[in-house]
Every structure is written in C-alpha cells, then in structure tokens.
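Notes follow once the structure below has been shown.
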Amino acid sequence: MSLLSDLLNLDLSDSTEKVIAEYIWVGGSGMDLRSKARTLPGPVSDPSKLPKWNYDGSSTGQAPGEDSEVILYPQAIFKDPFRRGNNILVICDAYTPAGVPIPTNKRSAAAKIFSHPDVVAEVPWYGIEQEYTLLQKDVNWPLGWPVGGYPGPQGPYYCAAGADKAFGRDIVDSHYKACLYAGINISGINGEVMPGQWEFQVGPSVGISAGDELWAARYILERITEIAGVVLSFDPKPIQGDWNGAGAHTNYSTKSMRANGGFEVIKKAIEKLGLRHKEHIAAYGEGNERRLTGKHETADINTFKWGVANRGASIRVGRDTEKEGKGYFEDRRPASNMDPYVVTSLIAETTLLWKA
C-alpha cells in the first residue's frame, strides 16, 4: 500500500505528458498570496503560451459578489520545487473581464515604467534583501523564544550557529535550495539580528523580473513554512522594544552608474530620491513608521540622509562604490512587507524619468 509521501512524490512523466501549473497571484491585502492549480496538456516555458484563467475576486477582497470574476494573466514561469518534473509555478497579475488592471495589480503600472525607452536603455539592476520573521504557530511568538517571554538581548544571533542562537535553519536552507531549483536568482541567505528573524536576497535582477522573482520566492517560503507548521511574518516590527525591525533593503544601479564616472550619476539619483522622500515612504510598506525610528540601523522616517557605509542612513553607498567611482547604492527605507513591483518601479521612475 502506498504511503501519502509516495503519492506526493509520484513522477508523472512515467505515465503522462500532462503537467500541473500552479497559478499564483497577490490577494486583496496586497501581501496575501493566493494560488490554484490546473492541468496542461504538456510542458510550457513561455508565459504567453499559457491560458488565462479566472477566480472569485469576492473571496479575496478584490471584487464585489455580484460581479466577482477576475481574470489571471500569466506573466512569469518558474519550475515547481514541490511537484518537480515539468510542473511549473506561474506568477500572474489580475484584470477585470474588460482587461483593466484591478486596483491591487501593481505589476501592470510597473511594467509600463520598465518598458519606457529611457528605462530600458539604462538596464536597471535590483538586489532585494528580504527580511522575515518565523513565528510559533498558535501563539504568534518568534521561533526559539520562550512562550510569553524573551530571549537574551540582541548580539549573539546575527549570522550565528548553534541551537541556542539560530532558530529555523532547516526552513531557511530548504527555501534557499527550492528557489535555486525554481530558477529564481536568489543570491544568499543569513540569520538576522533578532532571533527567529532571517533574510534572503534576490538579484541582481533586471527591471520587472525583480518583482516576479521576489513574489515567487515569497510564495515558496509561505509553502515551506506551511509544511513546517511555522507562521511566516513580513511585519516590519513584529516585536516592539529593543529589537530590530524587518526591512527589504533595495540595491539599485543603472548602466550609467556601473560605468566609469558612475558615482556622479549615483549622487544625482540620490538627490532626486531625497526630493521625493515623502512619496517613496508612502509607497514603501504598511507600518514602516514602527521600524524607521532612527534606532536599530534605520534613519528616522521623516529624515532623508545618505552616507558611505552608514547603516543609519536612508541611502547607503558601499565603500567599494566610492573607491571605484562607480557601482550601486542601497535604499534602506523599504519595509519587509513592501510590494517589489511598486518599490522597484518607483526608484526607476524617480531616478530616470522624473524631472526635478
């Protein structure tokens, strides 16, 4: 008699050419990931060859009950690390039956910015550092913390090893390998300053693909934590008090910044970002005011400042970039629950299209 695990791991290629496609989209809160699966007659590698699909938007907070149909447009394909074989994960965005992007579809507006000739010519690269917190199920308290109590103060946990310092590494490593398998450009992982908090990095990715890859990586992490019976939190300040918050630092460069003399281009871009500080903060995640306090490696939410190797700045430039006179910079303001389509496209718009 087969065990459940045997059936889950069945290799379909032995008996059929059919494949399973998991269609993934962002729900009504802007952070909840939804998905459902369908059978395709054979392998597909081009999103434009995939059929559109629909779902009940009234059940995701994205449409009224009397007109609930929302249409999914496939946009990016990744290999499915859960079903494996030729099965795929499909990142979609959502439209009305008339073809109008629904309000929570942030990808559509971002794609317009990234297809602008002035943006395309500059080949914008992004590297996003996604921090997150693992919580014990039912009590919503960080993994490794005594229930209702606190561990020792911050200091021993960042990039640490050991059963009393690193909590949830099996989840983190599973996620790392699953993302590599899927074809996501994940570039690293590390334990964070607060125990139970971790980070993964996606990039360098060009333009709209940074958002597609980050959302796919978040989905895979949600699925792995589901298997592990652990709750995943992207709250920017999950625990009040003398504990670090969670951000999504966004590293950015353009062709001109990466070329000789690029440091001058970087300085002009940072000046523009400073002039639009309020617009960026408004788009950089809910609850970010709890995180951007001027403490715990952040700049105050109302203050814009930049510096070389300064982790208390809004924008940090690395020592290598200063030394070589070209490179990239890091926007440290985005919260862990930011929408990567919004953040990446806004940075491109402000630095490449906006006229001060």
Side-chain angles (χ1 to χ4, degrees), residues 106-107 109-130 185 187 201-211 213-214 247-285 288 291-292 294 297-335 338-356:
K106 305 303 182 189
R107 191 188 190 281
K112 282 184 184 153
I113 290 168
F114 283 122
S115 61
H116 190 289
D118 294 353
V119 178
V120 172
E122 280 292 343
V123 196
W125 288 3
Y126 296 90
I128 301 172
E129 305 170 30
Q130 176 70 70
N185 196 16
S187 47
Q201 302 95 29
V202 167
S205 305
V206 179
I208 197 78
S209 65
E213 291 186 30
L214 191 74
H249 300 159
T250 302
N251 299 276
Y252 172 70
S253 72
T254 62
K255 195 174 179 181
S256 302
M257 292 174 193
R258 297 187 292 270
N260 288 334
F263 195 26
E264 291 309 308
V265 182
I266 286 172
K267 286 196 265 196
K268 283 179 186 149
I270 293 172
E271 190 181 332
K272 282 183 166 184
L273 288 168
L275 293 171
R276 295 190 84 192
H277 178 61
K278 279 189 175 163
E279 292 94 322
H280 279 254
I281 287 293
Y284 275 12
N288 211 6
R291 167 181 163 261
L292 297 180
E297 302 179 48
T298 69
D300 179 82
I301 195 165
N302 298 310
T303 307
F304 181 88
K305 60 180 179 179
W306 74 277
V308 176
N310 182 358
R311 284 185 156 75
S314 316
I315 306 284
R316 180 184 70 86
V317 174
R319 289 259 179 242
D320 285 351
T321 296
E322 182 189 42
K323 187 178 162 189
E324 293 175 20
K326 60 184 178 181
Y328 70 96
F329 64 82
E330 174 192 47
D331 191 338
R332 298 179 61 80
R333 297 170 295 172
M338 62 79 154
D339 187 317
Y341 294 133
V342 174
V343 169
T344 56
S345 62
L346 186 57
I347 292 172
E349 182 188 31
T350 295
T351 58
L352 296 172
L353 303 178
W354 186 68
K355 303 289 185 256

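The figures here come from the full heavy-atom set of this structure, side chains too, leaving out hydrogens, waters and symmetry mates. Values in this document were obtained by computation on a predicted structure and should not be read as measured data.
Listed by chain and residue number, Arg258 satisfy the side chain to side chain donor-acceptor pair (under 3.5 Å) test with Ser253 (two or more places apart in sequence, or in another chain). Considering only residues two or more places apart in sequence or on other chains, Thr321 meets the side chain to side chain donor-acceptor pair (under 3.5 Å) condition with none of them. By the side chain to side chain donor-acceptor pair (under 3.5 Å) test, Glu349 pairs with no residue at all, sequence neighbours left out. Every residue two or more places apart in sequence or in another chain was checked for a side chain to side chain donor-acceptor pair (under 3.5 Å) with His116, and none qualifies.
Using modelled atom types, one finds a donor on one side chain and an acceptor on the other under 3.5 Å when comparing Thr350 with His280.
The two residues Lys326 and Ala259 make their nearest non-hydrogen contact at CB-O, 3.2 Å. Of all heavy-atom pairs spanning Leu214 and Met338, the tightest one is CD2-CE, 4.4 Å. The heavy-atom pair separating Ala348 from Val119 by the smallest distance is CB-CG1, 4.3 Å. Smallest separation of non-hydrogen atoms from Ala335 and Ala248: O-CB, 3.4 Å. Listed here is the closest heavy atom pair of Leu346 and Ala283: CD2-CB, 3.8 Å. Minimum heavy-atom separation, Gly211 to Pro340: CA-CB, 3.8 Å.
Side chains of Phe304 and Ile315 form a contact here, defined as non-hydrogen atoms less than 4.5 Å apart. Counting heavy atoms from C-beta outward, Asn251 and Gln201 have side chains that stay 4.5 Å or more apart. Residues Asp118 and Leu352 form no side-chain contact, since every pair of their non-hydrogen atoms from C-beta on lies 4.5 Å or further apart. The shortest side-chain heavy-atom distance between Val343 and Ile128 does not fall under the 4.5 Å cut-off.
Counting non-hydrogen atoms of neighbouring residues, nucleotides and ligands closer than 6.0 angstrom, the CD atom of Glu279 exceeds 12 such neighbours. Surrounding NZ of Lys278 are at most 12 heavy atoms belonging to other residues, nucleotides or ligands under 6.0 Å away.
Distance check: Ile301 CD1 to Ile281 CD1 gives 4.5 Å after rounding to the nearest 0.5 Å. Separation of atoms CD1 (Ile208) and CD (Glu213) is listed at 11.5 Å; rounding is to 0.5 Å. To the nearest 0.5 Å, the span separating NZ on Lys106 from OG1 on Thr344 amounts to 13.0 Å.
Judged by distance alone, with hydrogens and angles left aside, the side-chain atoms of Glu129 form no donor-acceptor pair with the main-chain N or O of Gly247 at under 3.5 Å. Side-chain N or O atoms of Asn288 include one that pairs as donor or acceptor with a backbone N or O of Arg333 at under 3.5 Å. In terms of modelled atom types and a separation under 3.5 Å, the side chain of Arg291 and the main chain of Pro334 share a donor-acceptor contact.
Between Glu271 and Lys268 no salt bridge is recorded (no basic side-chain N to carboxylate O distance below 4.0 Å).
With Tyr284 as reference, Asp331 is the one residue of Thr250, Asp339, Asp331 to meet the side-chain hydrogen bond (donor to acceptor under 3.5 Å, both in side chains) rule.
Residue pairs meeting the side-chain hydrogen bond (donor to acceptor under 3.5 Å, both in side chains) criterion with at least one member in residues 298-310, sequence neighbours excluded, do not occur. Within the structure, ring pair (Phe, Tyr, Trp, His ring centres under 6.0 Å) pairs that include any residue of residues 311-332 comprise Tyr252-Phe329 (at least two apart or interchain).
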